[in-house]
> 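There's a structure below that I have some questions on.
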Amino acid sequence: MLDSLSEWILAAGILTLIAYLIGTWTHNHFYKRNVYHLKPVPFFGSMAPVLLGRLSFPDFNKDLYNKLEGHKYGGVYEFLNPIIMIRDPELIKTVTVKDFEFFLDHRNIISEEIEPLFGKGLFNLEGQKWKDMRSTLSPAFTSSKMKTMFTLIIECGEQLGDFLKTCIKDKNMPLEGCKIEREGDMLVVELKDLFTRYTNDVIATSAFGIGCDSLNNPKNEFYEMGREATNFSGVRGLIFFGYLLNPKLMKLLHLKLMPKYVLNFFRSLVQDTMATREAKDIYRPDMIHLLMQAKKETLQLNGINGNASKPKWDADDLTAQAVIFFFAGFDTASTLLCFASHLLATHPEVQSRLQKEIDETLEKDGGKLTYEAVHSMKYLDMVVSETLRMYPPAVATDRKCTKTYILQSEPPCTIKPGEAISIPVYGIHHDPKYFPNPEKFDPERFSDENKDNIKPYTYLPFGLGPRSCIGNRFALMESKIALVQVLMRFNLKVVSKTPIPIQISKRGFNMTVDGGFWLGLEQREI
Ligand code: HEM
């Protein structure tokens with residue numbers, strides 16, 4: 001028992017010292033290697049501004065990037081984990097493309113043992129397993145497969161357009177379940193809710209093989225389960241933080257991220273659909289079909305690994321891919337749609353020019369939106385590209401070193417297996433050296449005349465190299481379809497609830513705004 005004040009002070013001192021040593025025990029990593037780095041705070045490392053809510057996650061990324069100004073790369077600390085942030089486009093090319101074999105993997109925060117349906121997903125797979133799975137899945141994302149899947153996605157696009165048209169026409173239509181209000185002749189819509197329902201339906205039909213119509217059936221089971229699965233607030237947010245802070249300890253504690261019933265729902269959905277299709281010999285042009293082909297080992301490996309023997313996938317391996325498409329695609333694409341709509345409403349001249357392009361294109365095809373028409377609209381592509389530059393839904397990406405590597409730079413730096421590299425997408429997209437006047441929304445940056453002036457490896461909303469986003473084409477197609485469906489019928493208008501200027505939320509890691517993306521939808525007179 002401690003019974004004198006001096007003993008209490010001594011004990012407190014020892015405990016503080018122990019805490020300090022634990023909170024800083026990796027913080028000399030860059031100092032020892034003579035790497036320029038940002039001074040870390042005990043426990044927090046470089047994360048204090050975002051954890052204390054001083055900066056949003058994108059602004060925090062830009063802040064770190066700017067603080068390393070003058071250096072091609074530099075050290076930052078994600079809590080206790082040292083991470084090399086690479087800023088220089090040539091170094092980014094080296095890591096993601098040229099010497100990709102040394103940086104094959106992402107950091108695997110949630111392992112296969114903890115959450116098999118996460119850990120076995122393409123994003124988290126490592127080494128040869130990743131190569132095999134990427135080779136198996138790549139044929140699902142070629143232009144010809146996109147064209148086949150177009151028929152499924154356009155159905156969701158038309159559902160979106162028709163739903164909004166009915167809402168505006170039928171003043172008695174009940175709107176509960178969706179965040180839509182009426183203001184005179186206009187609909188006032190919270191776009192995150194609207195577009196999340198759309199991207200949910202797109203993934204449901206193309207990756208899980210089911211139609212849900214989450215606008216007309218706002219409480220359908222798939223949508224509810226999807227929301228549950230992607231809800232990282234409360235205890236689950238803390239568990240995720242725990243994995244970031246101390247993955248080893250968290251693995252020992254074996255704390256799960258996903259409720260079992262949610263995982264079982266997705267597992268049975270995929271596995272039952274596959275069983276029914278097999279039994280009844282049903283064909284549908286979607287990803288489930290491709291996964292079934294993979295199961296039967298009928299797909300040719302497309303050459304990334306040059307390995308002739310075909311891997312065997314079990315049921316969870318395949319379900320995990322449908323789940324990762326859902327996770328990787330549903331929030332990112334709806335975020336893109338929200339920011340694009342907001343930018344169009346606040347830049348009416350851009351909106352009118354885009355609507356003109358849409359009207360002219362549709363007129364040529366007798367009012368029908370075809371695959372070719374979506375891909376022929378250059379201004380639409382410029383608007384989407386500039387939105388992804390200003391507001392990339394993936395603010396940063398990473399790589400994990402798999403073989404000892406010497407980064408040839410000034411000074412050279414040895415990176416050991418397991419060490420992490422961060423690529424600051426948002427910071428680079430907002431660097432005036434590469435994008436003059438970066439806070440200005442200017443689709444002209446991506447015009448035929450100007451786009452070749454963009455320095456290679458500085459525009460990276462979908463990452464880069466063999467490990468870049470596999471759903472890139474899919475995401476662009478579904479987003480363009482939704483924009484056309486909305487803009488052919490409506491003018492996007494700023495209303496009193498519209499957040500102006502837009503302030504990215506300081507809560508959480510998502511690129512979103514507090515209070516929602518509210519805009520007015522006014523029916524067009526055509
Ligand atoms: C606007 C929408 C999207 C954005 C901005 C986006 C962005 C990204 C980024 C930055 C990466 C990491 C790339 C890298 O590290 O180089 C990634 C990976 C990935 N994305 Fe997307 N994504 C989007 C939509 C989608 C969709 C719709 C799908 C699925 C249908 C998808 C599936 C994936 C998968 C599976 C990976 C992991 C690839 C691998 O590790 O091999 N993404 N995405």
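Please read these numbers as outputs of a predicted model, since none were measured by experiment. All ligand and atom numbering here is 1-based and tracks the order in the structure. In what follows, every heavy atom counts, from backbone to side chain, and hydrogens, waters and symmetry copies are set aside.
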> Is it true that H106 lies under 4.0 Å from ligand 1, counting heavy atoms only?
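Right, H106 reaches ligand 1.
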> Should the proximity of L476 to ligand 1, defined as any heavy atom under 4.0 Å, be assigned to the side chain, the backbone, both, or neither?
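No part of L476 comes within reach of ligand 1.
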> Using distance only, find each side-chain donor-acceptor pair of residues 477-488 under 3.5 Å and give its atom names and separation, not counting sequence neighbours.
unit_1, atom_1, unit_2, atom_2, d
S479, OG, A475, O, 2.7
K480, NZ, D381, OD1, 2.7
Q485, OE1, R489, NH1, 2.8

> R467 heavy atoms, cut-off 4.0 Å: which ligand 1 atoms fall inside?
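Within the 4.0 Å cut-off of R467, ligand 1 contributes 13 (C), 14 (C), 15 (O), 16 (O), 39 (C), 40 (O), 41 (O).
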> Within a distance under 4.0 Å of any heavy atom of P393, pick out the atoms of ligand 1 and give their elements.
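Atoms satisfying the 4.0 Å criterion: 5 (C).
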> In terms of ring plane angle, is the pair F339 and F517 parallel, tilted or perpendicular, where the classes change at 30° and 60°?
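Rings of F339 and F517: perpendicular, as their planes differ by over 60°.
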> Closest by any non-hydrogen atom to atom 29 (C) of ligand 1: pick that one out of W130, F103, F325.
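Selected option, by shortest heavy-atom distance: F325.
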> Does the distance from a Lys or Arg side-chain N to an Asp or Glu carboxylate O, for D193 and R227, drop under 4.0 Å?
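The answer is no: the pair does not qualify as a salt bridge.
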> If you measure only the distance, is there a donor-acceptor pair under 3.5 Å linking the side chains of S206 and D286?
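The criterion, which ignores hydrogens and geometry beyond distance, is not satisfied for D286 and S206.
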> Give the total of protein N/O/S atoms at a distance below 2.8 Å from atom 21 (Fe) of ligand 1.
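Step by step: take atom 21 (Fe) of ligand 1, keep protein N, O, S below 2.8 Å, and you get 1.
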> Test your reading of the structure: does I203 have an N or O sitting under 3.5 Å from an N or O of ligand 1?
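N/O-N/O distance below 3.5 Å does not exist for this pair.
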> Could you check, using the six-membered ring where one of them is a Trp, whether Y426 and F60 have ring centers closer than 6.0 angstrom?
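Centroid distance Y426-F60: not below 6.0 Å, so no.
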> Does the gap between the ring centers of Y391 and F441 come in under 6.0 Å?
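Here the rings of F441 and Y391 have centres that are no less than 6.0 Å from each other.
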> Any N/O of R134 closer than 3.5 Å to an N/O of ligand 1?
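Between R134 and ligand 1 (N or O atoms, distance only) the closest approach is under 3.5 Å.
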> For T402 and D105, test the side chains for any donor-to-acceptor distance below 3.5 angstrom and give the result as yes or no.
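Side chains of T402 and D105: no pair found under 3.5 Å.
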> Got a sec, which residues hit ring-ring contact (aromatic ring centres under 6.0 Å, His included) with F103, two or more places apart in sequence or on another chain?
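Partners of F103 under the ring-ring contact (aromatic ring centres under 6.0 Å, His included) test: Y405.
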> By number and element, which atoms of ligand 1 are closer than 4.0 Å to a non-hydrogen atom of E478?
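The atoms of ligand 1 under 4.0 Å from a heavy atom of E478 are 27 (C).
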> Number the atoms of ligand 1 from 1 as they appear, then name those within less than 4.0 Å of a heavy atom of P461, with their elements.
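Per the distance check, 5 (C), 7 (C), 10 (C).
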> May I ask you to list the atoms of ligand 1 that are less than 4.0 angstrom from any heavy atom of F123?
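Those atoms are 18 (C), 36 (C), 37 (C), 40 (O).
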> Name all residues meeting the ring-ring contact (aromatic ring centres under 6.0 Å, His included) criterion together with Y457; count only those two or more places apart in sequence or in a different chain, and write none if there are none.
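ring-ring contact (aromatic ring centres under 6.0 Å, His included) list for Y457, sorted by chain: empty.
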> Ring centres of F123 and F327 under 6.0 Å apart?
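That pair fails the under 6.0 Å test.
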> Using heavy atoms and a threshold below 4.0 Å, how should the contact between L122 and ligand 1 be classified: side chain, backbone, both, or neither?
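It is both parts that get close, each with some atom under 4.0 Å.
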> Based purely on interatomic distance, does R399 place a nitrogen or oxygen under 3.5 Å from a nitrogen or oxygen of ligand 1?
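Among all N and O atoms of R399, at least one is under 3.5 Å from an N or O of ligand 1.
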> Salt bridge or not for E372 and K147, using N-O below 4.0 Å?
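Salt bridge flag = yes for K147 with E372.
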